[in-house]
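Small disclaimer: the values here were computed from a predicted structure and weren't measured. All residue numbers refer to positions in the sequence shown, counting from 1.
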Amino acid sequence: MTSTNLFQRYDLGELTLPNRVVMAPMTRVRAAAGGLATPSMATYYAQRASAGLIVSEGVQPSLIGQSNPGTPGLHTDEQQASWRPVTDAVHANGGRIFAQLMHGGRVSHPDTTGTRPVGPSAVAAVGDVFTPTGPQPAPVPRALETSEVPEHARSYGDAARRAVAAGFDGVELHGANGYLISQFLSSNANLRTDRYGGSVAHRIRFAVEAVSATVEAVGAARTGIRLSPGGTFWGVEETEVAELYTALLGELARLEVAYVHIEATTDEEVLLELRRAWPGTLVMNPVLPMGPKQTGRSDADHWLGLGADLISFGRAFIANPDLVERLRTGVPVAPVDEATYYQGGDAGYLTYPAYQYTA
């Protein structure tokens, strides 16, 4: 077991993080019309700037990549400009922030984007997707032609360039949770027989091309990726999980990306195998998204002891803007009101107070 402490500094690329606490990306659907970031979003992220690193909510790199209504984008000049007050506010409070780039792929709806979703194959996601008029069954996506796939990989790089221009310190590609990169990694969402499907080497190709485009756009030190090995979000399945992710991590190591952010979506034995296969910075998210519990100090210490470098906390950051200090001092972590996750407005968004310490 290592003696790594959650509150030690850490050098990540060109950044020095004051602690090893990462605020995980969380959808909050508070963007304005047109996918614009808002003053309330600037306040929300600035309140949480004591995190070693903030990863923003998922940001669509293109209109067709939008998954949910009310989410922000980074594919127009107006969207890019709207993010500058957010990044400025975080930096003014001493923080660091990466934008998470999230292409929903098949997890979308024409009522949200005005066009039919795309995916690796014409296989619908499992479950209802959010639309402007409420949940609706996930539609069957249009399978991308081989010639179209590279432009969707490049969209991550284009959005990354805009993110850095808007003041973000870097970007994280959302390669997890059943969205587009995850769909290509899948063995049931991806039924392709061209160079993007079938074998492990082919199924990782889209992820590698998306990361390569991003590294080319903004540099490896500003590029991370989030993965959910073996995860089954939106009905995706993956065969040969250890082989698939070991191969992908090998390619990511060649590209020298800043970090890999892994969710605990498979057995710890497999996760440790992947830790050994990955020579770079590992951000570990120890608790399943939307699972029955949220990450706590003991989970963080466990994974630091197993070789993780940074630990991401999701839901705990919603109700605890001062989460780092609460973890440091051991004061109670406030519960979150789940009803306000996606309702919009400032209630349940900007209204959680910092802990009031007494002398």
Side chain R116, main chain V140, donor-acceptor under 3.5 Å
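It does hold such a pair.
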Test of understanding: with side chain to side chain donor-acceptor pair (under 3.5 Å), list the residues that count as partners of [X], not counting sequence neighbours.
X    : answer
E148 : R142
Y196 : E209
R326 : N320, D322

Quick one: hydrophobic cluster around V218, which other residues, with the 4.5 Å side-chain cut-off, linked directly or via members?
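Members alongside V218: V164.
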Under the salt bridge (charged side-chain N to carboxylate O under 4.0 Å, His left out) test against R203, which residue among E240, E243, E238 passes?
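Passing option: E240.
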Would you list the pairs meeting salt bridge (charged side-chain N to carboxylate O under 4.0 Å, His left out) in which at least one residue belongs to residues 55-83, sequence neighbours left out?
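Residue pairs with at least one partner in residues 55-83: D77-R162.
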Would you give the length of the straight line joining atom [atom1] of [X] to atom [atom2] of [Y], rounded to the nearest 0.5 angstrom?
X    : Y    : atom1 : atom2 : value
I64  : T115 : CD1   : OG1   : 4.5 Å
Q60  : H75  : CD    : NE2   : 5.0 Å
R161 : Q80  : CZ    : CD    : 11.0 Å
I311 : N19  : CD1   : CG    : 11.5 Å
S228 : L185 : OG    : CG    : 8.5 Å
S312 : R226 : OG    : CZ    : 5.5 Å

Closest approach of P72 and G58, non-hydrogen atoms and distance?
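In this case the closest contact between P72 and G58 is CD-O, 3.8 Å.
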Minimum heavy-atom distance L74-W83, with the two atoms named
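The pair with the smallest heavy-atom distance is CD2-CD1, 3.6 Å.
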Please list, chain by chain and in numerical order, all residues satisfying salt bridge (Lys or Arg N to Asp or Glu O under 4.0 Å) with [X], sequence neighbours excluded.
X    : value
R9   : none
R192 : D194
R195 : none

Heavy atoms, side chains only, cut-off 4.5 Å: are [X] and [Y] in contact?
X    : Y    : value
L323 : F313 : yes
T223 : L173 : yes
V211 : V215 : yes

Cut-off 3.5 Å, side chains only: do [X] and [Y] have a donor facing an acceptor?
X    : Y    : value
T133 : T131 : yes
E325 : S50  : no
Q100 : H261 : no

Walk me through whether Y44 and R28 qualify under side-chain hydrogen bond (donor to acceptor under 3.5 Å, both in side chains).
CA-CA 10 Å; Y44 171 76; R28 302 305 309 276; 3.2 Å; yes
Which donor-acceptor pairs under 3.5 Å do the side chains of residues 343-354 make with protein atoms, sequence neighbours left out?
| from | atom 1 | to | atom 2 | distance (Å) |
| --- | --- | --- | --- | --- |
| D346 | OD1 | S40 | OG | 2.8 |
| D346 | OD2 | S40 | OG | 3.4 |
| T351 | OG1 | G348 | N | 2.8 |
| Y352 | OH | D337 | N | 3.0 |

When you look at I225 and Y259, which way does the side-chain contact (heavy atoms from CB on, under 4.5 Å) test go after all the steps?
CA-CA 7 Å; I225 186 170; Y259 69 80; over 6 Å; no
Show every side chain to side chain donor-acceptor pair (under 3.5 Å) that has at least one partner inside residues 270-284, sequence neighbours left out.
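Non-adjacent pairs meeting side chain to side chain donor-acceptor pair (under 3.5 Å): Y10-T281, R275-D309.
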Please list, one pair per line, the donor and acceptor atoms closer than 3.5 Å that link side chains of residues 84-93 to other protein atoms, with sequence neighbours excluded.
| from | atom 1 | to | atom 2 | distance (Å) |
| --- | --- | --- | --- | --- |
| R84 | NH1 | D88 | OD1 | 3.4 |
| R84 | NH2 | A165 | O | 2.9 |
| T87 | OG1 | R84 | O | 3.1 |
| T87 | OG1 | A166 | O | 2.7 |
| H91 | ND1 | T87 | O | 3.1 |
| H91 | NE2 | D169 | OD1 | 3.3 |
| H91 | NE2 | D169 | OD2 | 2.9 |
| N93 | ND2 | A46 | O | 3.0 |

List the atom pairs, with distances to 0.1 Å, where a side-chain N or O of residues 102-109 and a protein N or O form a donor-acceptor pair under 3.5 Å, not counting sequence neighbours.
| from | atom 1 | to | atom 2 | distance (Å) |
| --- | --- | --- | --- | --- |
| H103 | ND1 | G105 | N | 3.0 |
| H103 | NE2 | H152 | ND1 | 3.1 |
| R106 | NH1 | V123 | O | 3.0 |
| R106 | NH1 | A124 | O | 3.1 |
| R106 | NH2 | W234 | O | 3.1 |
| S108 | OG | Q66 | O | 2.7 |
| H109 | ND1 | D111 | N | 3.0 |
| H109 | NE2 | Q136 | OE1 | 3.3 |

